[in-house]
Q: 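Please find one structure pasted underneath; my questions will follow.
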2 protein chains.
Amino acid sequence: MQTISREDYLKAILKIEEESGSVSNQALVEKLNTRPASVTNMLRTLSDAGWVQHEAYKAVHLTASGKSIALSTLRRHRLWEVFLVEKLDFSWDEVHQWAEDLEHVGDEELTNRLDAFLGHPAFDPHGDPIPTAQGQWSDGRNLLPASLTVVGDRIQLKGVVDSGEEFLQHLNSLDIKLGLILEVLQALDFDGSKTVKWPDGRETSLSKQTLQNMLVERLEFQEREQ
Amino acid sequence: MQTISREDYLKAILKIEEESGSVSNQALVEKLNTRPASVTNMLRTLSDAGWVQHEAYKAVHLTASGKSIALSTLRRHRLWEVFLVEKLDFSWDEVHQWAEDLEHVGDEELTNRLDAFLGHPAFDPHGDPIPTAQGQWSDGRNLLPASLTVVGDRIQLKGVVDSGEEFLQHLNSLDIKLGLILEVLQALDFDGSKTVKWPDGRETSLSKQTLQNMLVERLEFQEREQ
DNA sequence: CTCCGTTTTTAGCGTGGTCTAAAAAAGGTA
DNA sequence: TACCTTTTTTAGACCACGCTAAAAACGGAG
Ligand SMILES: [Mn+2]
Ligand SMILES: [Mn+2]
Ligand SMILES: [Mn+2]
Ligand SMILES: [Mn+2]
């Protein structure tokens with residue numbers, strides 16, 4: 001049977017697989033902020049339920065049914081995040097904690113109604129794609145870290161690599177939000193920082209670390225016109 | 001520390017106190033569909049936390065802090081019910097199960113934002129009053145069970161005594177919704193049933209049991225005009 | 001006051017999940 | 001290959017919360 005903890009583990013496995021290809025116990029320890037023994041223990045449970053495939057000392061793999069649970073949990077998580085930002089006016093650094101609870105509430109029917117109410121959003125407030133009801137990943141975008149842009153690029157912020165509270169609050173303090181359009185004015189080789197120009201003409205320097213965590217789209221010419 | 005189970009118990013104690021004045025273990029067994037030993041056990045926990053006052057074999061009493069937790073849980077429950085009905089188009093018999101989970105999510109800030117988003121509703125989809133952020137009960141209404149109405153009354157459904165799924169689905173099947181205005185045409189003494197007239201002219205007979213569970217307001221003359 | 005049915009508590013167990021500490025396995029380096 | 005560090009598993013404990021069965025207390029009727 002599904003529990004909050006089991007859904008959290010399955011979701012974490014899905015994300016780690018997505019990020020790094022292979023899922024170790026250690027990676028789960030870090031992602032879930034737990035202890036190795038707890039991970040081993042839960043993997044036994046998930047394996048018995050037929051949601052993961054796991055041999056001792058080997059990498060973890062989601063089964064089809066495990067992946068399906070993970071995807072619908074992730075779908076609920078991201079839809080509730082959209083709800084909290086769009087309808088309740090929370091900022092993107094405040095929503096994760098509540099979505100972590102809300103993702104465990106509701107069935108498919110409720111989720112689909114929420115999805116419809118929100119206008120079938122494709123991305124969550126951090127720019128992460130929202131799986132469809134059929135468990136499809138809709139991420140066909142071509143994003144690059146802002147650290148890889150060059151002088152002269154006009155770029156739009158479409159996502160973040162690290163959606164931890166600390167980094168998001170850092171972006172908040174710089175007044176950087178999803179959808180923001182910047183122009184790269186200058187790039188310093190020695191520390192990887194870049195100077196960017198805001199829509200209002202203001203100029204700021206962004207550190208290499210900040211730029212690496214910002215996922216942007218390079219704007220084409222016709223898009224500049226709209 | 002607050003847990004889902006503890007919040008459910010506190011809420012149940014509040015409601016039983018409201019309904020019948022005094023809270024016995026037995027009443028909690030019935031309300032929470034659990035066993036006497038579980039109740040005794042939890043009362044020890046709640047008492048240790050300072051949320052209830054309980055001496056063996058005596059009635060249970062909420063402390064100020066316990067009542068505060070119970071009220072905010074009830075507030076969240078009823079606000080989420082409004083959300084599910086008003087925004088996601090669920091019917092009133094479908095919302096309780098999800099509200100039972102949602103009521104455990106969010107802090108005061110989130111609750112107040114939800115409240116504002118919903119337009120500060122005073123009543124939930126079953127006609128029950130929603131406690132304010134300050135923990136006030138806003139129920140100054142003068143409702144009576146429809147069983148006590150007399151021939152000639154024009155009445156409006158404002159609440160239900162029993163908001164269990166079964167009864168609500170029964171009302172659904174009769175096409176009876178909150179806010180519905182009916183006129184009492186006939187009352188049969190021998191079985192307590194009454195014949196009522198719908199706004200569209202249709203006439204139906206309602207059983208004594210059904211009428212006893214419908215809380216209505218007798219409409220004054222000037223209200224008939226609007 | 002004594003009985004007896006009801007309510008409540010106690011005792012003991014089960015389940016799901018966490019943790020620490022220690023043992024075992026893995027895997028890279030000398 | 002042998003060693004050493006890291007990773008994973010095992011062993012054993014703990015906590016929250018449910019349950020059953022039996023004991024104890026309560027409270028009304030005779
Ligand atoms: Mn979660
Ligand atoms: Mn997100
Ligand atoms: Mn609940
Ligand atoms: Mn309700």
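No hydrogens, no waters, no symmetry mates; every other heavy atom, side chains included, goes into these values. Labels below follow one simple rule: chain letters A, B, ... track the order of the sequence lines, proteins then strands, and each chain is numbered from 1.
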Q: Could you tell me how far apart Met1(B) (CE) and dT18(C) (P) are, to the nearest whole angstrom?
A: 14 Å
Q: Rounding to a whole Å, what distance do you find between Leu28(A):CG and dT18(C):C1'?
A: 16 Å
Q: Counting any heavy atom closer than 4.0 Å, what does Ser5(A) reach on the DNA or RNA strands: base, sugar-phosphate only, or nothing?
A: sugar-phosphate
Q: Taking only the side-chain nitrogens and oxygens of Thr3(B), find out if one of them lies under 4.0 Å from OP1 or OP2 of dA16(D).
A: no
Q: Can you check the Gln2(A) CD to dG16(C) P distance for me, whole Å?
A: 14 Å
Q: Nearest-Å distance, CG (Asp8(B)) to P (dA16(D))?
A: 17 Å
Q: Given salt bridge (Lys or Arg N to Asp or Glu O under 4.0 Å), test Asp175(B) with Lys177(B) step by step and report yes or no.
A: CA-CA 6 Å; Asp175(B) 208 30; Lys177(B) 300 186 195 329; 3.8 Å; yes
Q: Can you see if the side chain of Thr34(B) gets near the phosphate of dC19(D) - specifically, an N or O under 4.0 Å from OP1 or OP2?
A: yes
Q: Are Thr3(B) and Ser5(B) linked by a side-chain donor-acceptor pair shorter than 3.5 Å?
A: no
Q: Report the distance from atom CD of Glu30(B) to atom C1' of dT8(C), rounded to the nearest whole Å.
A: 14 Å
Q: If you only use heavy atoms from C-beta on, which nucleotide in dC19(C), dC17(D), dG17(C) is closest to the side chain of Thr45(B)?
A: dC17(D)
Q: Below 3.5 Å is the cut-off: list the nitrogen or oxygen pairs between protein and nucleotides 9-13 of chain C, distance only.
A:
unit_1	atom_1	unit_2	atom_2	d
dT9(C)	OP1	Tyr57(B)	N	3.2
dT9(C)	OP2	Asn25(B)	ND2	2.5
dT9(C)	OP2	Thr40(B)	OG1	2.8

Q: If you take the centroid of each ring, where Trp contributes its six-membered ring, are His96(A) and His126(A) closer together than 6.0 Å?
A: no
Q: Rounded to whole angstroms, how far apart are CD1 on Ile4(A) and P on dG17(C)?
A: 10 Å
Q: Would you kindly give the OH-to-P distance between Tyr9(B) and dA16(D), to the nearest whole Å?
A: 15 Å
Q: Looking at Glu109(A) and Arg113(A), does any basic side-chain N land under 4.0 Å from a carboxylate oxygen?
A: yes
Q: Are Glu7(B) and Arg76(B) close enough for a salt bridge, meaning some N to O gap below 4.0 Å?
A: yes
Q: Answer yes or no: does a side-chain N or O of Arg35(B) lie under 4.0 Å from OP1 or OP2 of dT20(D)?
A: yes
Q: Does Asp48(B) have more than 12 heavy atoms from other residues, nucleotides or ligands lying within 6.0 Å of its CG?
A: yes
Q: If you check every side-chain atom of Gln26(B), which of dC19(C), dT18(C), dT7(C) has the closest atom?
A: dT7(C)
Q: Starting at CG of Asn33(A) and ending at P of dG17(C), how long is that distance when rounded to a whole Å?
A: 18 Å
Q: Looking at Lys11(B) and Glu103(B), does any basic side-chain N land under 4.0 Å from a carboxylate oxygen?
A: yes
